[in-house]
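Each remark here refers to the structure printed beneath this line.
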2 protein chains.
Amino acid sequence: MATIGDVAREAGVSRSTASYALSGKRPISEEVRRRVLAAAEALAYTPNAGARALATSRTKVLGLLARFYTDEFAPAMMQYIQGVTDTARDLGYDTLLVTDEDGARALRRITDSRMVDGVVLMNIAQDDPRLPILRAAPQPGATVGLPGDCSGIDVFDLDFEEAGRAMVDHLHRLGHRELILISQPEHVVERGGAYVWRLRDAALERARQCGVTLHTVYGESRQPAVGRLLHTLLDTYPSATGLLINNEAAAAALPSVAHERGLRVPEDLSVIGRYSAEFAAAFSLPYSFVESAPDRLGSMAVRQLVRRVESATARREPFVVRFISPELVSRGSTTPPRDPRPRTPAR
Amino acid sequence: MATIGDVAREAGVSRSTASYALSGKRPISEEVRRRVLAAAEALAYTPNAGARALATSRTKVLGLLARFYTDEFAPAMMQYIQGVTDTARDLGYDTLLVTDEDGARALRRITDSRMVDGVVLMNIAQDDPRLPILRAAPQPGATVGLPGDCSGIDVFDLDFEEAGRAMVDHLHRLGHRELILISQPEHVVERGGAYVWRLRDAALERARQCGVTLHTVYGESRQPAVGRLLHTLLDTYPSATGLLINNEAAAAALPSVAHERGLRVPEDLSVIGRYSAEFAAAFSLPYSFVESAPDRLGSMAVRQLVRRVESATARREPFVVRFISPELVSRGSTTPPRDPRPRTPAR
DNA sequence: CGTCAATGTCGAACCGGTTCGACGACCAAG
DNA sequence: CTTGGTCGTCGAACCGGTTCGACATTGACG
């Protein structure tokens with residue numbers, strides 16, 4: 001494999017001149033530049049990543065810490081990952097995917113050894129053990145997901161509170177007065193998945209404000225449990241006219257459950273989900289939904305990270321906590337309830 | 001950040017002694033070893049990955065080239081990836097996930113720059129443009145998936161031919177004489193996804209041998225197209241008594257299609273799928289299936305790769321093409337056909 | 001007691017880049 | 001004809017590890 005020394009010799013110049021000719025960091029005569037480029041081309045020269053990393057303290061690699069939990073739907077995860085890898089590549093970075101069970105130790109390993117220039121954390125927990133390590137690390141970090149303590153990192157997430165309110169508002173405006181919210185499984189919450197209760201609590205609060213009854217329940221993540229749960233819910237709250245779904249597996253299971261019950265959407269039940277357009281397409285979900293934009297979030301996190309990596313001034317900017325506003329995509333799965341109760345003014 | 005020089009000074013020894021004390025590659029007195037380890041501990045010393053890579057020509061990183069095609073089901077992909085990352089970590093390696101559209105160029109980049117010690121290729125095409133590059137690369141490579149030309153690499157795949165035969169045999173033995181096989185979408189084939197026709201052609205051949213009629217058709221990868229297709233198929237071949245599914249999306253869609261038609265499995269239709277147990281669990285698919293073992297395949301590829309990376313003798317061993325035998329997992333979705341035609345001896 | 005081998009440590013070189021400071025050549029201005 | 005600045009190039013040092021060869025010390029053995 002050709003080194004820069006080989007290129008220099010081939011071009012008849014010194015190693016430093018070859019380096020400058022290739023990087024353009026100092027003026028080099030047209031003639032010499034040509035010779036160096038030709039030599040590099042001829043020898044198929046590619047700089048050694050380790051050597052360059054050693055010399056520049058830059059690896060052009062970003063770490064991506066993610067876990068594939070079976071109770072958080074896999075296809076959704078893929079989209080976050082793709083958002084990160086695609087954007088990283090656009091900006092000239094490769095992605096080190098780390099899925100260790102012990103995320104804190106893995107994070108320490110890749111940051112201490114200087115394998116990466118920055119780190120994106122996913123599957124953020126309310127009290128995430130990786131965050132203290134990330135704050136102490138010399139590399140900048142960003143998260144997709146909102147932790148309890150956002151200091152020292154850039155945070156990107158869907159505005160789940162607003163999503164919860166938007167769902168309730170939408171159905172309230174149509175005249176619904178009794179709704180059901182099905183969330184992620186309880187152990188997602190136990191693991192610290194704050195987005196579950198952020199959406200739920202905001203929805204409850206808004207429901208209270210507008211005099212809407214909102215039944216909330218933890219869901220399941222798998223068939224057939226989640227299908228059974230849907231049946232049970234619909235049996236338990238027969239007067240509920242709207243269903244809010246913050247649980248991909250439940251959304252995916254609903255069509256067949258509705259079919260089994262002879263339940264028409266939206267005539268008998270209005271439905272709003274919270275998932276991505278890509279997910280909706282894969283499962284052909286015919287429901288209006290709040291877009292969760294996983295690819296956009298991953299992309300935003302990487303862009304900010306790279307800004308901080310590449311610019312000393314950007315590195316000193318205050319940390320951001322950025323929420324993307326939930327966009328309600330209408331697919332016609334909501335309508336005024338069949339037998340609307342008289343509109344009572346809120347409160 | 002502490003370097004090995006800092007550790008050496010703290011321990012009052014030379015850099016080389018510190019290095020040997022930490023690596024154990026030369027005998028070091030107990031006393032000195034203790035001092036060095038204590039110093040390393042006190043300074044939270046972690047070797048710089050770039051420097052180590054430069055000195056040893058080893059990065060302890062494996063490349064994983066994968067693409068997330070929307071027409072090959074995402075959850076299945078995740079399992080391959082997890083098989084790779086988990087096994088790599090067990091063996092002391094990190095994983096560089098590369099999802100570039102131009103896989104050949106990406107592969108050249110990571111191998112030429114010596115970012116990785118070895119490479120696992122996924123989404124293998126019959127005539128895969130990445131393979132010539134991999135063969136020319138100084139690092140060993142393995143694939144999950146069978147390319148047309150296996151020279152110079154280690155290949156791991158499910159025995160799709162045997163899977164096709166096993167499916168046909170199983171139903172033939174039960175007395176079925178007319179079957180339908182639904183494959184992946186046609187553009188998976190156009191992209192060079194050989195596993196599609198490997199399973200199909202072997203199934204056709206075996207069906208011919210035992211006098212079974214086998215209707216084959218390319219599937220769709222998404223709802224609702226795939227659901228419509230299933231309806232059409234069942235309408236078109238009303239006398240078919242068995243359904244073979246080599247298409248995750250079709251398998252996932254079948255329960256609701258069956259429900260819509262009032263079709264009972266296995267009483268009215270025997271069904272065998274080809275997917276992973278994990279996939280079956282996520283979608284609660286009640287069908288017997290041929291296990292595709294994505295995690296095992298990823299794991300095997302990595303193990304072989306690491307063997308070659310770490311041992312000069314292993315590197316000289318002949319390349320392997322290893323198929324894992326399809327295991328038929330029974331879930332009771334097959335039974336003799338309702339109105340069995342008289343058993344005609346094969347041929 | 002002298003020789004030899006084993007043991008433990010050190011200095012120096014090397015891996016392959018980048019970058020700083022110096023220097024010669026050239027040209028314009030004083 | 002100097003002086004000064006710019007341009008283009010080079011040598012050397014450095015990044016942070018690993019590893020080779022040399023050397024001093026020690027103990028065993030003839």
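Remember, it's a predicted structure, so these values are computed and weren't measured experimentally.
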State whether [X] places a side-chain N or O below 4.0 Å from either non-bridging phosphate oxygen (OP1 or OP2) of [N].
{"X": "B:Tyr45", "N": "D:dG17", "value": "yes"}
{"X": "A:Arg52", "N": "C:dT18", "value": "yes"}
{"X": "A:Ser57", "N": "D:dC15", "value": "no"}

Assign A:Ser113 to base, sugar-phosphate, or nothing according to its heavy-atom contacts below 4.0 angstrom with the strands shown. nothing

Base, sugar-phosphate or nothing for B:Pro47? Non-hydrogen atoms, less than 4.0 Å. sugar-phosphate

Give me the atom names and distance for the closest heavy-atom approach of A:Phe323 to A:Leu158. CD2-O, 3.8 Å

Provide the closest heavy-atom pair for B:Leu96 versus A:Asp94 in the form atom of the first, atom of the second, distance.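 Minimum heavy-atom contact is CD1-CB, 3.9 Å.
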
Spacing of [X] atom [atom1] relative to [N] atom [atom2], expressed in whole Å:
{"X": "A:Arg114", "N": "D:dG17", "atom1": "CZ", "atom2": "C1'", "answer": "14 Å"}
{"X": "A:Arg58", "N": "D:dG16", "atom1": "CZ", "atom2": "P", "answer": "15 Å"}
{"X": "A:Lys60", "N": "C:dG17", "atom1": "NZ", "atom2": "C1'", "answer": "16 Å"}
{"X": "B:Leu22", "N": "C:dT9", "atom1": "CG", "atom2": "C1'", "answer": "15 Å"}

Any residue of residues 31-42 of chain A with a heavy atom less than 4.0 Å from an atom of DNA chain D: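 The stretch gives A:Val32 as the residues lying under 4.0 Å from the strand, ordered by number.
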
With each end axis built from five pairs of C1' atoms, what bend angle do you get for the helix from C:dC1-D:dG30 to C:dG30-D:dC1? Round to 10°. 60°

Distance-only, no hydrogens or angles: does the [X] side chain make a donor-acceptor pair with backbone N or O of [Y] under 3.5 Å?
{"X": "B:Thr87", "Y": "B:Val84", "value": "no"}
{"X": "B:Asp112", "Y": "A:Thr46", "value": "no"}
{"X": "A:Arg52", "Y": "A:Thr59", "value": "no"}
{"X": "B:Arg114", "Y": "A:Gly50", "value": "no"}
{"X": "B:Arg322", "Y": "B:Asp157", "value": "no"}
{"X": "B:Thr95", "Y": "B:Leu97", "value": "no"}

Between [options], which nucleotide gets closest to the side-chain atoms of [X]?
{"X": "A:Ile4", "options": "D:dG8, C:dT18, D:dC10", "answer": "C:dT18"}
{"X": "B:Ile28", "options": "C:dT9, D:dT9, D:dG17", "answer": "C:dT9"}
{"X": "A:Leu54", "options": "D:dG17, D:dG16, C:dT9", "answer": "D:dG16"}
{"X": "B:Ser14", "options": "C:dG8, D:dG17, C:dC10", "answer": "C:dC10"}

Mapping B:Ala18 and A:Thr46 onto DNA chain C by nearest heavy atom, which one lands closer to the 5' end? B:Ala18

Closest-nucleotide 5' rank along DNA chain C - winner of A:Met1 and B:Glu30: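 Comparing both residues, the 5'-ward one is B:Glu30.
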
Charged N to carboxylate O under 4.0 angstrom, B:Arg89 versus B:Asp86?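 Not counted as a salt bridge, because no side-chain N and carboxylate O are separated by less than 4.0 Å.
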
Residues A:Glu31, A:Arg35: salt bridge by 4.0 Å N-O rule: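 Yes.
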
Among B:Arg109, B:Arg108, B:Arg105, find the one that has a salt bridge (charged side-chain N to carboxylate O under 4.0 Å, His left out) with B:Asp100.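 Testing B:Asp100 for a salt bridge (charged side-chain N to carboxylate O under 4.0 Å, His left out) against B:Arg109, B:Arg108, B:Arg105 leaves exactly one candidate, B:Arg109.
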
Scan A:Arg307, A:Arg303, A:Arg308 and name whichever one has a side-chain hydrogen bond (donor to acceptor under 3.5 Å, both in side chains) with A:Asp154. A:Arg308

Any chance you could list the contact pattern along nucleotides 19-28 of chain C? Use B for base contacts, S for sugar-phosphate-only contacts and - for none, protein heavy atoms under 4.0 Å, 5' to 3'. BBBB------

